[in-house]
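To start, the structure itself, in structure tokens.
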There are 2 protein chains.
Amino acid sequence: MPGRNGKGPPWWHGKFRSCGYRLTIPREMILDVLNKAAKHLSAEEIYLAVQKVYSAIGLTTIYRTLELLVQMGLVFKFDFGDKRSRYELADGPKGIRHHYHLVCTGCGRVIDYTDFIDEAKELLLQTQKGLTKKYNFKITNHLIQFYGLCEKCQK
Amino acid sequence: MPGRNGKGPPWWHGKFRSCGYRLTIPREMILDVLNKAAKHLSAEEIYLAVQKVYSAIGLTTIYRTLELLVQMGLVFKFDFGDKRSRYELADGPKGIRHHYHLVCTGCGRVIDYTDFIDEAKELLLQTQKGLTKKYNFKITNHLIQFYGLCEKCQK
DNA sequence: ATTGGGAATGAAAACCATTACCATTAGGAG
DNA sequence: CTCCTAATGGTAATGGTTTTCATTCCCAAT
């Protein structure tokens with residue numbers, strides 16, 4: 001289960017080692033599934049996907065691993081209002097391809113978008129800096145989501 | 001259970017009527033608790049608070065009413081990562097005192113902040129406009145949250 | 001290679017916030 | 001005041017996520 005392009009060891013190997021965590025089959029499988037999917041999956045979806053290739057996998061391991069990955073910063077966890085969490089690869093060391101979500105409150109559909117003006121990014125950074133100083137709060141991450149009605153649900 | 005200042009009928013009465021919903025004791029109690037608390041409460045906290053004054057209240061009603069209020073736009077629903085939802089009064093017709101949250105991933109503490117609102121508002125509006133046009137998505141609401149470590153948890 | 005021991009796993013049971021069900025109660029228009 | 005229907009509340013069910021615990025496996029030290 002190679003990295004993004006099939007060449008070289010996946011970029012996450014180093015991170016695992018340096019954190020003192022073991023690199024196991026299930027963990028690689030889960031990362032691989034997330035890597036290939038490249039969109040938000042639920043724990044169960046990941047479970048089923050891994051199961052196709054590694055039938056011995058247990059749901060428990062899925063949850064445990066995902067929690068670990070989130071805590072390591074390799075994976076983001078989202079809540080779109082239906083009541084299952086969604087998980088998404090944080091896109092590597094260089095790929096700071098942060099993207100955001102439009103959530104339809106009608107049908108639950110989620111649209112990813114990356115068109116976020118550069119000014120906005122700048123502002124976000126400044127805000128972050130300001131808040132860090134004022135509240136002595138070390139910000140590691142942020143969440144931005146828009147809610148509304150998609151094309152179909154407006155009618 | 002009077003309005004914000006004890007004079008005049010609470011500002012939400014009109015909204016209820018115009019939506020065709022009945023104005024009942026439990027609903028007023030719940031709004032009253034949210035109004036007095038003025039910070040994010042869980043369903044159970046609201047339940048216990050209402051119970052002190054109106055012991056016949058049922059948890060089911062709490063949930064049902066909160067859902068209604070959220071859907072009416074009178075109340076916002078948040079998820080801070082512990083696994084219960086939090087509810088907060090949307091601050092009336094004039095009080096556009098929008099605020100955002102800093103969530104500590106260490107201890108779960110939540111800090112409200114109102115700084116940088118005006119700058120953010122402008123960009124938010126532009127972003128919103130762009131997204132609406134591009135995806136034909138009618139945005140009704142948004143969520144911004146910062147995650148990190150609070151003062152205590154950094155040590 | 002082998003091994004020892006702590007980390008990781010998986011099956012099943014427990015958890016627990018939220019919902020569904022349904023018989024009963026009460027708002028408010030006429 | 002009455003009636004109709006929305007609203008309520010107790011209880012049981014739901015279902016995603018966690019906990020428990022015996023077993024297995026990674027891997028550093030032999």
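Just so it is clear: chains get the letters A, B, ... in the order the sequence lines come, proteins before strands, and each one is counted from 1.
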[X] [atom1] to [N] [atom2], straight-line distance once rounded to whole Å:
{"X": "A/E45", "N": "D/dT17", "atom1": "CD", "atom2": "P", "result": "11 Å"}
{"X": "B/E67", "N": "C/dT19", "atom1": "CD", "atom2": "P", "result": "7 Å"}
{"X": "A/Y21", "N": "D/dC27", "atom1": "OH", "atom2": "C1'", "result": "17 Å"}
{"X": "B/M29", "N": "D/dG9", "atom1": "CE", "atom2": "C1'", "result": "15 Å"}
{"X": "B/L23", "N": "D/dT8", "atom1": "CG", "atom2": "C1'", "result": "15 Å"}
{"X": "B/E44", "N": "C/dC15", "atom1": "CD", "atom2": "C1'", "result": "14 Å"}
{"X": "B/L66", "N": "C/dT19", "atom1": "CG", "atom2": "P", "result": "10 Å"}
{"X": "A/H13", "N": "D/dC26", "atom1": "NE2", "atom2": "C1'", "result": "14 Å"}

For the base of D/dT18, is there a side-chain donor-acceptor partner from A/T60 under 3.5 Å away?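 No.
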Checking only heavy atoms, does the side chain of A/R22 share a donor-acceptor pair with the base of C/dA8 at less than 3.5 Å?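 Answer no: no donor N or O sits under 3.5 Å from an acceptor.
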Please find the pair of heavy atoms, one from [X] and one from [Y], that lie closest to each other, and give the distance.
{"X": "B/Q128", "Y": "B/T132", "value": "O-OG1, 2.7 Å"}
{"X": "A/A49", "Y": "A/V33", "value": "CB-CG1, 3.8 Å"}
{"X": "B/L102", "Y": "A/Y135", "value": "CD1-CD1, 3.8 Å"}

Heavy atoms only, 4.0 Å cut-off, all strands: where does B/Y47 land among base, sugar-phosphate and nothing?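 No contact.
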Looking at every strand, decide which applies to A/R64 at a 4.0 Å heavy-atom threshold: base, sugar-phosphate, or nothing.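 Base, at least one base atom sits under 4.0 Å.
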It should be established whether [X] places a side-chain nitrogen or oxygen under 4.0 Å from OP1 or OP2 of nucleotide [N].
{"X": "B/Y63", "N": "C/dT18", "value": "yes"}
{"X": "B/S42", "N": "C/dA17", "value": "no"}
{"X": "B/R27", "N": "D/dA7", "value": "yes"}

Judged by each residue's nearest nucleotide on DNA chain D, which is more toward the 5′ side, B/S55 or B/K83?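 First, find each residue's nearest nucleotide; the 5'-ward one identifies B/S55.
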Is there a path of hydrophobic side-chain contacts, each under 4.5 Å between heavy atoms of I/L/V/M/F/W/Y residues, joining B/V50 to B/L74?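 In one cluster: yes.
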Heavy-atom nearest nucleotide on DNA chain C for B/L59 versus A/T65: which residue maps closer to 5'?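 Its nearest nucleotide lies further toward 5', so the answer is A/T65.
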Closest nucleotide of DNA chain C for A/I62 versus for B/R17: which of these residues is on the 5' side?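 By nearest-heavy-atom nucleotide position, the 5'-most residue is A/I62.
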Closest to side chain of B/T61, choosing from D/dG9, C/dG10, D/dG16: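 Of the options given, the side chain of B/T61 lies nearest D/dG9.
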Which nucleotide sits closest to the side chain of B/R84: C/dG27, C/dT18, D/dT17?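 Nearest listed nucleotide: C/dT18.
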Parallel under 30°, tilted from 30 to 60°, perpendicular over 60°: which one fits the rings of A/H101 and A/F78?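 Perpendicular.
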